[in-house]
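Just below is one structure, and these are the notes that go with it.
Proteins come first, then strands; the chains are lettered A, B, ... in the order of their sequence lines, and each starts at number 1.
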Amino acid sequence: MSVAPVLLAQADAAGAAAVTLARLILVVPEMVLLTGAVVATILGLSRSRALRDATPAAVVISLLAAMLLVPLVHTPERAEAAGLLMPMLGKPVRMAICAIGAMLCLVSIGLVDRRIEAAFASGRAAFDPIRVIRGEYYAFFLLSVTGLMLVSTANDLIWLFLALELTSLPTYIMVAISRPSRRALEAAVKYFFLGALATATFLYGFAMLYGAAGTLILTEMRDVFAAQAAAGGLGILAVLGLILAILGVAYKIAAAPMHFYAADVYEGAASPVTAFLAFVPKAAGMLALMLLLGTVGWHGHSVVDDSGARIFHDGLPRAVLYALWIIAAMTMTLGNVGALLQSSAKRMLAYSSIAHSGYMIIGLIAGPGLGLNSVLFYLLAYGVMNTAAFAILAGLERQGEEIESLADLAGLARRHPLLAAAMAISAGSLIGLPPLLGFWGKLYLFIGGIQAGQIGLVIIACINSAISAWYYLRLVGLPLLSPPTPQAEAVVPTPSIWPRVAALSGAAAILLLPLLVQPLVEAAQGATSATPADFAVVLRGAGAPAP
Amino acid sequence: MSPFALLAATGTATVPIDAASAAAAIPAAIARPELAWAGWILWLPAISAILCTACAAFRVKGKLPAWITIGLLGIASVLVFALYGRVDGPTTIHLFDWIDIAWTGRGPDAPREGIVASFAFYVDGLSLLWMCFVVPLGTLIALYASEYMEPDVGRGYPRFFAGVSIFLFAMSCLVLGDNLVLLYLGWEGVGFASYLLVGYYYTKPSAVAAAKKAFIVNRVGDLGLALGIFLIWLNYGTVEYDGLFHALAASGGEGEAGWSVRAIPFLLMLAAFGKSAQLPLYVWLPDAMEGPTPVSALIHAATMVTAGVYLIARTYPLFHLDPLALPLVAWVGGLTALFAATIGMAQHDIKRIMAYSTISQLGYMFLGLGAITAYGAVYHVFTHAFFKAVLFLTCGAIMHGFAGQLDLRKLSGLAWMPGWRVVAWTMLVGCLALAGFPGLSGYFSKDLILAEAFVSSETRPGWGYAFLGWLGLATAAMTAYYAFRVWFRVCAGPVHFEPGDEAHDAAEDHGGHDGHADHAGHAAAGHDDHGGHGSGGFHPHAPRLAINGVLVILAIGAVLAALPCFIGGDAAHPGWVEWMAARSSAASGVPPHDVHAHPAAFFGLDPHKAMYYVSAVFGIVGLSIAAWLHLLDRGAADRLRNALLAHPLLRWIPLGAERKWYVDELYDIVIRMPLWFLGHVLGFIDRYIVDGLLVDGIARIPRFFGRFIQPLQNGVLQGYAVAMAGGIAFIVAGVVVLFWIWRLGA
């Protein structure tokens with residue numbers, strides 16, 4: 001049990017100040033990122049071409065600086081003092097976010113301002129700060145990543161809500177400015193309106209949770225709900241609030257029934273932004289779900305049988321469990337079936353990223369221990385392999401337009417063997433072929449699911465993995481086996497080499513990170529346990545319901 | 001005991017050595033976390049691989065990659081010897097957790113299961129022995145290659161050394177790993193490195209084909225290894241050696257073992273036969289000679305191909321699970337030894353002769369394993385590593401100096417040529433050791449195996465060990481013959497040579513060419529004036545310090561490798577190698593015996609003593625025949641061949657041996673053709689039935705449903721909003737219903 005409520009209850013000024021100070025120091029990395037965002041805005045508007053080109057470098061440097069700061073500021077004592085629900089969650093998660101964020105930034109180098117920069121360079125247009133958008137793009141990029149990082153250190157519902165919105169709002173604009181086409185604008189508008197609907201949903205849920213618990217602070221909510229569950233079960237207000245919050249956040253992770261936007265938006269945005277959308281809001285949603293479910297917990301819930309006796313059971317409250325079960329099964333199946341018949345590589349990856357959210361929900365259902373650890377591990381694996389796959393699409397173009405269709409990849413191995421190899425590795429990992437990173441992610445998820453008794457869901461996930469092989473293998477087969485078509489012959493690498501660098505480093509990570517499986521899972525283990533004592537309990541494998 | 005015991009005794013009882021007691025004999029490993037610095041034996045080659053890759057990426061000109069590799073591998077060698085000095089008996093050194101998955105079944109009493117495979121070392125006599133020659137040999141051969149690969153500086157040079165570094169990383173994983181998963185990682189890693197290096201001259205179609213062949217043939221064996229590991233985990237619940245031996249010792253032996261236990265040794269055997277090029281999976285090794293010669297010496301002679309021997313020696317207790325397992329190993333080894341030797345006698349390409357000789361010698365090692373003398377097998381691995389490395393490297397020096405010439409009919413009198421003396425005399429040392437000439441290292445290690453085969457015929461009658469012993473002796477004579485056929489042809493006799501087909505571009509492009517058309521022209525030009533000292537303007541460039549130095553060091557090693565047979569051990573195990581092997585799993589199940597009291601299995605004599613004389617006689621007979629046919633009267637060899645060819649009943653002997661007994665052709669018909677046919681049938685089915693009927697048919701279903709879903713996924717914003725709201729309403733209504741009707745939360 002956390003010491004934070006005790007500290008707050010004392011209500012003396014020194015104690016409150018200590019908590020505030022601890023929280024402020026915890027978010028120093030985010031402050032670095034905000035500074036980076038300001039610097040990016042200024043650099044992007046600079047008169048000098050060299051300075052403008054340095055904007056992404058500022059982004060990457062601030063991300064790496066934040067990554068190095070995280071372990072320094074996120075000490076167990078400080079996290080405990082700040083009164084967080086999962087005190088150490090922010091440490092490995094924020095480091096991984098910064099690393100993947102840097103990779104995402106590399107992917108988007110050379111995306112915006114290409115035409116206008118060419119016009120400036122050729123002298124067809126005079127430099128005009130109004131017409132360059134690079135500064136905005138990278139600033140919003142960093143703002144969104146900041147929001148994601150803030151989610152992991154949220155300690156109350158307001159913070160969680162603001163962090164989620166800080167993650168999402170910049171992405172609407174990034175979609176709109178990612179490329180000069182009407183489809184991008186259309187995608188942005190759809191994304192924004194439907195996002196507003198989803199936000200309204202989870203805000204409604206938050207309000208109901210507040211009504212049920214009488215507090216907004218996550219640790220206090222946990223204690224209140226634990227008391228309610230022990231006393232006679234959670235009330236309908238708490239359960240409905242949680243369900244609505246889950247459904248609203250499901251939009252961020254593109255889970256059914258909130259997934260409808262995904263294919264259109266992912267297709268309409270430029271590939272680097274799609275890669276961003278497929279990771280950053282999704283990770284934010286997953287972390288938010290983890291915290292929300294953490295308030296009710298995976299222990300001590302009961303059902304009432306016909307005789308009126310209460311029967312305690314492991315796991316989430318049954319109503320929440322069933323809702324998540326349906327969401328997971330529908331998400332996996334709809335994502336994979338949707339991806340089956342796509343001819344556009346981007347749309348296919350968009351649908352498939354829906355399916356990956358479904359797999360991760362299994363881990364959320366399974367709960368502390370292997371379940372939550374595997375969600376974090378899978379988030380990392382998914383971030384690396386999905387970004388690598390999108391980076392290859394982003395690193396290729398045909399007549400100045402980004403490539404979209406699968407047919408453009410035909411015979412890629414003849415001209416760009418490294419990119420084709422990276423594509424094969426990413427696709428293999430997304431399928432979950434051993435010994436690649438995705439295999440370990442799925443292995444841990446599925447074992448976590450089986451251990452929690454969700455064998456049915458794991459079987460559905462396995463069938464879906466098999467289905468996914470059908471379309472992912474096209475990403476292997478077309479580049480490696482098919483003869484190049486005239487259309488595919490016209491595909492050339494983009495002028496900027498950085499997307500290709502990101503693709504290759506992603507492929508290298510897919511190959512090499514499996515060597516570090518256990519250290520990574522242990523980092524996740526440290527992150528998801530509520531307190532050091534819980535950590536020890538989980539390591540012993542004890543899972544008895546709380547008295 | 002009759003030499004034809006095979007015919008006389010069939011189906012008689014064997015001496016039972018049960019797996020449980022064999023495993024129980026292995027002492028439990030002691031964890032020594034303070035030795036964690038030994039991890040650098042792995043990390044140094046890995047760093048070297050990364051740095052060499054960086055050199056390749058930045059197109060470094062010069063020999064920097066070679067110096068990086070030699071330096072880091074040199075430090076790794078020092079670490080190996082430092083580790084050797086600090087380890088006594090089985091020791092585990094834990095580096096970091098790699099895979100540690102545990103799960104519990106449902107219910108409070110459900111057993112806790114899982115799989116643990118750490119990055120950890122299992123260090124005992126066996127793994128130390130292997131490391132003691134793998135890493136130093138790798139360093140020496142990298143030094144040799146720094147000169148040998150000179151023509152590629154600025155091009156493939158960093159790629160080559162990156163491949164060598166990856167190989168040593170993987171080989172160290174394989175040998176030092178404390179569990180079968182790490183061994184598997186190394187096993188695949190060395191296969192991958194071998195693929196990269198065999199296909200090093202990737203513009204040469206034959207090299208690419210050879211690389212693919214090596215990789216694909218090895219898949220068959222690797223399948224065996226994977227299935228073997230699965231079954232081991234299934235039956236014993238662990239893949240760590242220490243736990244495995246413990247579980248095996250507790251299991252009670254072979255008495256009630258089911259098929260899934262008995263299958264383990266056969267699956268592991270299949271893996272070993274693939275990696276170590278035994279019948280029927282040996283076909284990739286001769287072709288692998290397409291790689292640069294230092295690679296052939298390091299990977300395809302001294303180290304990687306012995307991984308199969310290591311695997312069996314490491315999991316030796318498991319081979320007592322089925323009484324058929326070890327005799328099968330012995331038979332495959334014995335037959336491979338003979339078979340490869342017959343092919344080796346008839347080849348003209350000296351590197352290929354060495355390749356077949358490697359297969360043949362590996363056959364001896366398996367014969368040794370099968371005859372329950374893992375000590376003999378391991379000793380032969382040790383001596384073979386030195387003398388075969390010398391032989392390959394001398395072949396490489398010749399190839400390097402004579403523009404790719406490897407045909408023993410076109411080279412002669414090397415020993416009398418200035419600058420080539422070191423090559424010729426070190427090659428003589430290698431040939432003598434290979435031929436088992438009395439007093440040299442190969443003589444002692446081979447005798448151990450042969451003698452033990454005759455001992456086994458007494459202790460385990462009915463499996464035909466005596467027959468295998470005679471096969472081994474015959475092979476020894478053949479070995480002496482083909483080894484000295486090479487030496488007498490190439491190094492002795494009158495001086496004359498013709499350059500190989502790389503003469504036209506040796507200065508600028510070593511290897512990466514495909515000029516078969518040019519070959520004929522140059523060969524013809526060579527014939528015109530080979531009377532004098534070489535042809536036209538061609539001057540062989542004699543090896544310099546790096547190559548000569550490495551050759552001398554290795555030749556001295558090949559001579560000195562005889563010593564560990566007699567010194568360096570303790571009272572019970574006089575030889576160092578025997579002492580090392582005795583302190584490892586390789587000794588398990590070996591009946592304790594007094595060195596001086598063997599059954600008189602060889603015509604009433606102690607086979608160990610008798611073999612010293614008998615095998616020496618066989619070796620000298622082979623050597624003498626070679627001297628007659630290839631030194632004293634070189635025409636006689638051709639006359640003999642023509643006489644055989646003219647004989648209607650015997651002409652198959654030279655024809656078959658020269659064409660490698662048509663095994664490649666046989667595999668083509670038996671394996672490739674049916675697969676090709678099957679592929680076309682499946683392709684037809686895929687195109688016209690699966691794609692035509694099924695996929696289009698199935699595609700109609702989503703399209704049919706699509707008509708109903710279309711309004712939902714048509715890109716219209718309101719539609720999406722309604723769908724989302726509907727979904728929310730559905731789930732919320734469901735929860736409310738559940739809540740009230742089933743009172744789930746109440």
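Geometric assessment of Arg347(A) against the ring of Tyr266(A) yields a negative cation-pi assignment under the 6.0 Å and 45° thresholds.
Only the backbone of Pro514(A) comes within less than 4.5 Å of a heavy atom of chain B; no side-chain atom from C-beta onward does. For Leu520(A), no part lies under 4.5 angstrom from a heavy atom of chain B. Both the backbone and the side chain of Ile236(A) come within contact range of chain B, each with at least one heavy atom under 4.5 Å from a heavy atom of that chain. Using a 4.5 Å cut-off between heavy atoms, Pro317(A) does not touch chain B at all. Neither the backbone nor the side chain of Ile311(A) comes within less than 4.5 Å of any heavy atom in chain B. Of the atoms belonging to Leu194(A), heavy atoms from both backbone and side chain fall under 4.5 Å from chain B. In this structure, the portions of Leu515(A) lying under 4.5 Å from any heavy atom of chain B include both its backbone and its side chain.
Taking the side chain as every heavy atom from C-beta outward, Thr92(B) and Phe121(B) never approach each other to under 4.5 Å. Using a 4.5 Å heavy-atom cutoff, the side chains of Val296(A) and Val320(A) are not in contact.
Comment: Arg183(A) does not engage Asp264(A) in a salt bridge, judged by the lack of any side-chain N to carboxylate O separation of less than 4.0 angstrom. A salt bridge links Glu186(A) with Lys190(A): the distance from a Lys NZ or Arg NE/NH1/NH2 to an Asp or Glu carboxylate oxygen falls below 4.0 Å.
Residues Leu42(B) and Phe169(B) share a closest heavy-atom pair of O-CD1, 3.2 Å. Scanning all heavy atoms of the two residues, the minimum distance from Cys173(B) to Leu185(B) falls at SG-CD2, 4.2 Å.
For residues 439-448 of chain A, heavy-atom neighbours of chain B at less than 4.5 Å comprise Trp440(A), Leu443(A), Tyr444(A), Ile447(A), sorted by residue number.
Ring geometry, Phe119(B) versus Phe96(B): the interplanar angle falls under 30°, so the pair is classed parallel (tilted spans 30 to 60°). The aromatic rings of His313(A) and His301(A) lie tilted to each other, with the angle between the two planes from 30° to 60°.
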